[in-house]
Enquirer: 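Quick one: the structure is below, and I'll ask about it shortly.
In the text below, chain A, chain B and the rest are named by the order of the sequence lines, each starting its count at 1. For the numbers below, each heavy atom of this structure counts, side chains included, while hydrogens, waters and symmetry mates do not.
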Number of protein chains: 2
Amino acid sequence: MKEGPDIARIGMLFGDPARANMLTALMGGQALTATELAQAAGVTVQTASSHLSKLEDGGILAQRKQGRHRYFTLADAAAGTLLENIMGFAASRGHLRHRPGPKDPALRKARVCYDHLAGDYGVRMLDSFVARGAIESDGENLTMTEDGRAELGTLGIDVASLTSNRRPLCKSCLDWSERRSHLAGTLGKALLAHFLENGWARRSEESRAVLFTPDGERKFLSLFPAG
Amino acid sequence: MKEGPDIARIGMLFGDPARANMLTALMGGQALTATELAQAAGVTVQTASSHLSKLEDGGILAQRKQGRHRYFTLADAAAGTLLENIMGFAASRGHLRHRPGPKDPALRKARVCYDHLAGDYGVRMLDSFVARGAIESDGENLTMTEDGRAELGTLGIDVASLTSNRRPLCKSCLDWSERRSHLAGTLGKALLAHFLENGWARRSEESRAVLFTPDGERKFLSLFPAG
DNA sequence: TTCATACTTCGACCGTAACCGAAGCATCTT
DNA sequence: AAGATGCTTCGGTTACGGTCGAAGTATGAA
């Protein structure tokens with residue numbers, strides 16, 4: 001009865017709408033200030049401050065002082081992963097706050113999910129990898145093949161350097177707008193970084209949307225043809 | 001702001017101590033009646049009934065009427081997996097309700113985690129598989145090797161029949177008492193079933209503990225030698 | 001039919017926590 | 001030094017949800 005981990009503590013932290021909004025905003029992957037998070041949650045800064053300290057005590061958020069600002073981020077990849085899991089579960093039960101998927105078509109098309117690509121383009125990328133045998137999919141687990149390693153090498157992505165024992169290379173993440181899986185893990189992160197660094201796309205200022213340039217979009221679509 | 005899955009709804013459901021206790025009790029994998037769950041949570045049946053209907057509406061629990069009883073179970077494997085994830089996260093942040101791990105040594109040694117083996121023995125089993133190359137571990141993802149398939153075949157476990165596209169064959173699950181991973185997925189389930197069916201062990205009546213017989217324990221330990 | 005068991009619904013109580021205004025610190029600017 | 005900005009702490013209000021007793025429904029037993 002009184003054994004084990006304190007599920008309720010974690011659940012409660014995720015269980016308040018204001019906190020959930022803040023965490024969703026932080027899924028964008030970038031550090032945000034207390035004021036920005038207050039706005040994202042639709043509450044005053046006082047209220048936000050109280051929420052943020054609770055989330056920090058709970059080990060979900062980390063803060064970094066910089067001048068007179070305090071930047072908050074998800075504490076680590078595990079926190080992001082858990083958040084993804086909860087989002088996926090909620091979506092799978094049809095618990096959507098607004099209606100099916102993002103209203104904004106740009107968000108539906110391509111957006112950031114913590115540190116990797118989600119939305120139509122994210123799902124398409126993983127499908128394409130699987131279709132050509134670069135990644136093998138076993139229901140939920142994803143495994144990189146030798147072919148895949150070689151292909152990514154020609155793109156300038158060194159798969160070996162992405163291998164870590166703290167975080168998987170390939171991981172599937174349920175996309176709540178597409179209701180299918182997209183690619184997470186260190187490879188998902190590296191690929192998104194690759195697109196941004198090479199000017200194929202840039203991040204929207206206001207939202208989690210990823211905006212492709214015409215040229216970048218052309219390259220992306222030819223690299224990941226639809227199944 | 002109003003986009004996406006309703007995290008808060010799910011969080012709230014997990015965020016009440018009474019509900020968390022009920023869900024923890026259901027991690028034992030067997031169906032329980034409303035009265036049993038009320039007792040597990042330490043509340044009256046009225047209160048329990050209210051909680052149970054909320055959990056059912058949220059898609060976390062399923063109920064099955066049988067005579068004048070109502071048996072509740074976790075809705076599906078996804079619900080169990082999410083629960084495991086939250087437990088693992090809570091444990092990783094040190095949010096334990098009582099103290100480090102289960103007080104009961106039997107629970108610490110071997111217990112049921114939804115439908116597979118957890119605790120010292122669960123961790124030991126996975127370690128042993130990995131050490132001898134039956135399963136390959138890539139940080140978080142687990143993959144079965146050809147050697148592993150052959151070995152399990154000699155045990156009388158047909159790996160091919162366990163392959164599903166709804167649930168992975170091998171999956172790592174963070175063990176909150178050992179703070180290491182044990183084996184989940186359809187294989188984890190099949191192995192536990194194998195131990196129980198062949199009389200190596202039986203389930204405790206009162207708790208989630210798995211009690212090995214002297215003979216079963218001997219077989220288990222020789223099959224999965226410590227690393 | 002009558003009684004017992006298993007569970008749900010109703011109604012009322014109560015505690016907690018979410019919320020905001022105001023005041024208090026800390027840091028940067030001028 | 002004085003003002004502005006970013007954030008936290010304090011105090012008080014309010015609302016929501018967890019709780020249980022009592023009554024109501026359904027199934028099974030006598």
Enquirer: Would you check if Leu23(A) and Leu13(A) make a side-chain contact, meaning some heavy-atom pair closer than 4.5 Å?
Expert: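 A side-chain contact under 4.5 Å is absent here.
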
Enquirer: Sugar-phosphate means primed atoms, P, OP1 and OP2; the rest is base. With that split, encode nucleotides 1-8 of chain D 5' to 3' as B, S or - using protein heavy atoms under 4.0 Å.
Expert: ---BBSSB

Enquirer: For the residue pair Thr47(B) and Ser50(B), confirm or rule out a side-chain donor-acceptor distance under 3.5 Å.
Expert: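 On atom types as modelled, these side chains do not qualify, holding no pair under 3.5 Å.
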
Enquirer: Tell me, please, the opening and closing nucleotides of DNA chain C, 5' to 3', among those with an atom under 4.0 angstrom from a non-hydrogen atom of chain B.
Expert: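 In short, chain B contacts DNA chain C from dA4(C) to dT9(C).
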
Enquirer: Aromatic rings Phe195(B) and Phe224(B): how do their planes relate, parallel, tilted or perpendicular, breaks at 30° and 60°?
Expert: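 The rings of Phe195(B) and Phe224(B) stand perpendicular, inter-plane angle above 60°.
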
Enquirer: Over all heavy atoms of both residues, which pair between Phe89(B) and Ser92(B) is shortest? Give the atoms and the distance, please.
Expert: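 Residues Phe89(B) and Ser92(B), closest heavy atoms: O-OG, 2.7 Å.
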
Enquirer: For dT27(D), does either OP1 or OP2 sit under 4.0 Å from a side-chain N or O belonging to Lys65(B)?
Expert: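 True: Lys65(B) side-chain N/O within range (under 4.0 Å) of dT27(D) OP1/OP2.
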
Enquirer: Using a cut-off of less than 4.0 Å, is there contact between a side-chain N or O of Thr44(B) and OP1 or OP2 of dC20(D)?
Expert: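 Answer is yes, contact under 4.0 Å.
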
Enquirer: With DNA chain C as reference, determine whether Ala18(A) or Gly67(A) sits nearer its 5' end, using the nearest nucleotide of each.
Expert: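 Nearest-nucleotide comparison on DNA chain C picks Ala18(A).
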
Enquirer: Do you see a donor-acceptor pair shorter than 3.5 Å between the side chains of Glu217(B) and Tyr121(B)?
Expert: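 Side-chain D/A pair, Glu217(B) to Tyr121(B): present.
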
Enquirer: Using a cut-off of strictly less than 4.0 Å between a heavy atom of the residue and any atom of DNA chain C, enumerate the qualifying residues of residues 7-15 of chain B by number.
Expert: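 None - not one residue of the stretch has a heavy atom sitting under 4.0 Å from the strand.
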
Enquirer: Sort out for me which residue in Arg93(B), Met87(B), His95(B) forms a side chain to side chain contact (heavy atoms under 4.5 Å, CB included) with Asp6(A).
Expert: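 Single side chain to side chain contact (heavy atoms under 4.5 Å, CB included) partner of Asp6(A) among Arg93(B), Met87(B), His95(B): His95(B).
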
Enquirer: Closest heavy-atom contact between Leu26(B) and Phe72(B)?
Expert: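 Scanning both residues, the minimum pair turns out to be CD2-O, 3.3 Å.
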
Enquirer: Flag the pair Arg203(B) / Leu196(B) as yes when at least one side-chain heavy-atom distance between them is below 4.5 Å, and no otherwise.
Expert: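 Yes, their side chains come closer than 4.5 Å.
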
Enquirer: Using the rule side chain to side chain contact (heavy atoms under 4.5 Å, CB included), only one of Asp57(B), Ile60(B), Leu37(B), Val45(B) pairs with Leu52(B); which is it?
Expert: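 Exactly one candidate clears the test, Leu37(B).
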
Enquirer: List the atom of Arg208(B), the atom of Cys113(B), and the distance in Å for their closest heavy-atom pair.
Expert: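 Closest pair (atom of Arg208(B), atom of Cys113(B), distance): NH2-CA, 4.0 Å.
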
